[in-house]
Amino acid sequence: MFSSHQDSAFTFSGTEGMLSRLREDIRCVMERDPAARNAFDVVTTYPGFHALLLHRLANRLWRWRLRWLARLIGLFSRWLTGIEIHPGARIGRRFFIDHGMGVVVGETADVGDDVTLYHGVTLGGTSWQSGKRHPTLGNDVIVGAGAKLLGPIRVGDGARIGSNAVVLKNVPAGATMVGIPARQVGEAQKQSDQRARIAQRIGFDAYGTTEMPDPVAQAVNAILDHIHVTDRRIEELCSAVKALGGGIERTDLPDLHVDPPDPSEPSDPSEPGGCDTASLLRASREPDRR
């Protein structure tokens, strides 16, 4: 789950290695936060950057068994930044905490490379027993604001944790988790493409519905699935009616307009349409011409 060079993330030898790591951390912030204007801004005003530097010092003291001093530095870091990272936690490279207020990382937490945490995230434990009791995050994981990851669970590489989710079980690589308790969301690409095609045909932008795990989006997705099934059944009925000799006018479905219809203008039921329910009813009343 972690890259082979992760152990080197907890140590740096000499001034050159320390400066190289600082430049890497600054570049990481610049790449992930468009509000970061320059390196001076990052070094002087970003609490996530300050918390990471202080944690590295505290973590080294912790491994040297200077536990009280390490905890004291951790306490100072929390007071200064609002971010609490236990000195015993293992943090990978290019770790980014955006905003940062209220972030808590427990003692036995393991965080891979290129991980991003937003404010209010908790990597907490669920047991008072000693040993591994905090989450393990793989590489390239993003945890949304307010999310809680509890217990010795494992989060796979590239996973996404939605805001305010409560994760209590292992997360597969590349999965997206939302809700309380968190559940995996995501669909087969074939179904997503099908919905996108239907949405485009009826004049609806499916960007938010296919990508965002939202209750409203799920409802819209269900409507799109229903439209797909209904269209397929109507086409089958049209074919059956034609096979029996019924006449059905073949026209393309009109495009739907975004603007809502004017309630003062009554709709015209006689306006020609495609192969819809009204056409089927009219065709069913025609005499058999065979």
Side-chain angles (χ1 to χ4, degrees), residues 1-64 66 69-106 109-123 135-147 149 155 157-163:
M1 180 175 293
F2 295 105
S3 59
S4 58
H5 62 267
Q6 183 180 355
D7 289 341
S8 64
F10 314 127
T11 61
F12 42 83
S13 57
T15 304
E16 183 178 354
M18 182 174 62
L19 293 178
S20 175
R21 183 60 54 81
L22 288 176
R23 287 193 292 267
E24 183 179 72
D25 293 334
I26 294 172
R27 285 196 304 270
C28 166
V29 176
M30 298 286 291
E31 291 171 357
R32 301 188 206 177
D33 188 359
R37 298 179 300 173
N38 50 57
F40 183 75
D41 271 0
V42 174
V43 172
T44 57
T45 65
Y46 272 69
F49 179 77
H50 302 154
L52 180 58
L53 296 184
L54 290 171
H55 170 72
R56 285 183 179 153
L57 175 59
N59 180 257
R60 169 161 291 196
L61 295 174
W62 185 267
R63 288 184 289 109
W64 287 347
L66 299 175
L69 184 57
R71 292 300 300 267
L72 184 63
I73 292 176
L75 180 64
F76 172 74
S77 175
R78 184 179 66 173
W79 172 81
L80 178 67
T81 66
I83 299 169
E84 181 177 351
I85 306 177
H86 193 281
R90 300 199 305 165
I91 306 296
R93 303 181 66 166
R94 297 174 296 278
F95 178 59
F96 177 49
I97 302 177
D98 199 5
H99 301 293
M101 180 61 69
V103 170
V104 177
V105 180
D110 292 300
V111 179
D113 298 337
D114 302 297
V115 171
T116 300
L117 305 183
Y118 288 87
H119 51 282
V121 169
T122 298
L123 305 183
T136 297
L137 275 59
N139 300 325
D140 193 32
V141 172
I142 297 178
V143 184
L149 286 72
V155 179
D157 295 346
R160 303 292 183 263
I161 310 299
S163 297

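The chain is numbered in sequence order, starting from 1.
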Treating Asn59 as the side-chain partner and Ala89 as the backbone partner, does any N or O pair qualify as donor plus acceptor under 3.5 Å? yes
Testing the basics here: between Gly162 and Ala147, what is the closest heavy-atom pair and its distance to 0.1 Å? O-CB, 3.6 Å
Is there a side-chain contact between Met30 and Val42 (heavy atoms, below 4.5 Å)? yes
Checking His86 now: which residues fulfil ring pair (Phe, Tyr, Trp, His ring centres under 6.0 Å) with it, not counting sequence neighbours? Trp62
If you apply the rule side chain to side chain contact (heavy atoms under 4.5 Å, CB included), what do you find for Leu123 with Leu137, and how did you get there? CA-CA 9 Å; Leu123 305 183; Leu137 275 59; 4.1 Å; yes
Arg90 CZ to His55 NE2 distance, which is reported to the nearest 0.5 Å: 10.5 Å
Quick check: does any side chain N or O of Asp113 sit under 3.5 Å from a backbone N or O of Gly92, one acting as donor and the other as acceptor? no
Give every residue pair that meets the side-chain hydrogen bond (donor to acceptor under 3.5 Å, both in side chains) criterion with at least one member in residues 40-50, sequence neighbours excluded. Asp33-Tyr46, Arg37-Asp41
For Leu61 and Ile73: C-alpha separation, side-chain torsions, deciding distance, then whether side chain to side chain contact (heavy atoms under 4.5 Å, CB included) applies. CA-CA 9 Å; Leu61 295 174; Ile73 292 176; 3.3 Å; yes
So which of Val143, Val111, Ile142 actually passes side chain to side chain contact (heavy atoms under 4.5 Å, CB included) with Leu117? Val143
Donor-acceptor pair, Arg160 side chain versus Gly158 backbone, under 3.5 Å? yes
Write down the atom of Ala70, the atom of Pro87, and the distance for their closest heavy-atom approach. O-CG, 3.5 Å
Atom pair CZ (Arg21) and SG (Cys28), whose distance is rounded to the nearest 0.5 Å: 11.5 Å
Flag the pair Asp114 and Arg94 as a salt bridge only when some basic side-chain nitrogen lies within less than 4.0 angstrom of an acidic carboxylate oxygen. yes
Is any side-chain heavy atom of Ile161 less than 4.5 Å from a side-chain heavy atom of Leu149? yes
Give, for atom CG of Leu54 and atom CD1 of Ile85, the distance between the pair rounded to the nearest 0.5 Å. 9.0 Å
Given the rule in the side chain to side chain contact (heavy atoms under 4.5 Å, CB included) test, do Tyr118 and Val103 qualify, once you have shown the distances and angles that lead to the verdict? CA-CA 8 Å; Tyr118 288 87; Val103 170; over 6 Å; no
So how far is it from Ser77 OG to Leu52 CG, rounded to the nearest 0.5 Å? 9.5 Å
When rounded to the nearest 0.5 Å, the distance separating CD1 of Ile91 from CZ of Arg56 is 9.5 Å
Qualifying residues under ring pair (Phe, Tyr, Trp, His ring centres under 6.0 Å), relative to Trp79, sequence neighbours excluded: Phe76
Out of curiosity, Arg27 CZ to Arg32 CZ, how far, rounded to the nearest 0.5 Å? 12.0 Å
Evaluate Val104 against Ile83 for side chain to side chain contact (heavy atoms under 4.5 Å, CB included), listing each step before the verdict. CA-CA 6 Å; Val104 177; Ile83 299 169; over 6 Å; no
Any Val43 side-chain heavy atom under 4.5 Å of Phe49 side chain: yes
Any non-hydrogen side-chain atom of Arg71 less than 4.5 Å from a side-chain atom of Leu75? no
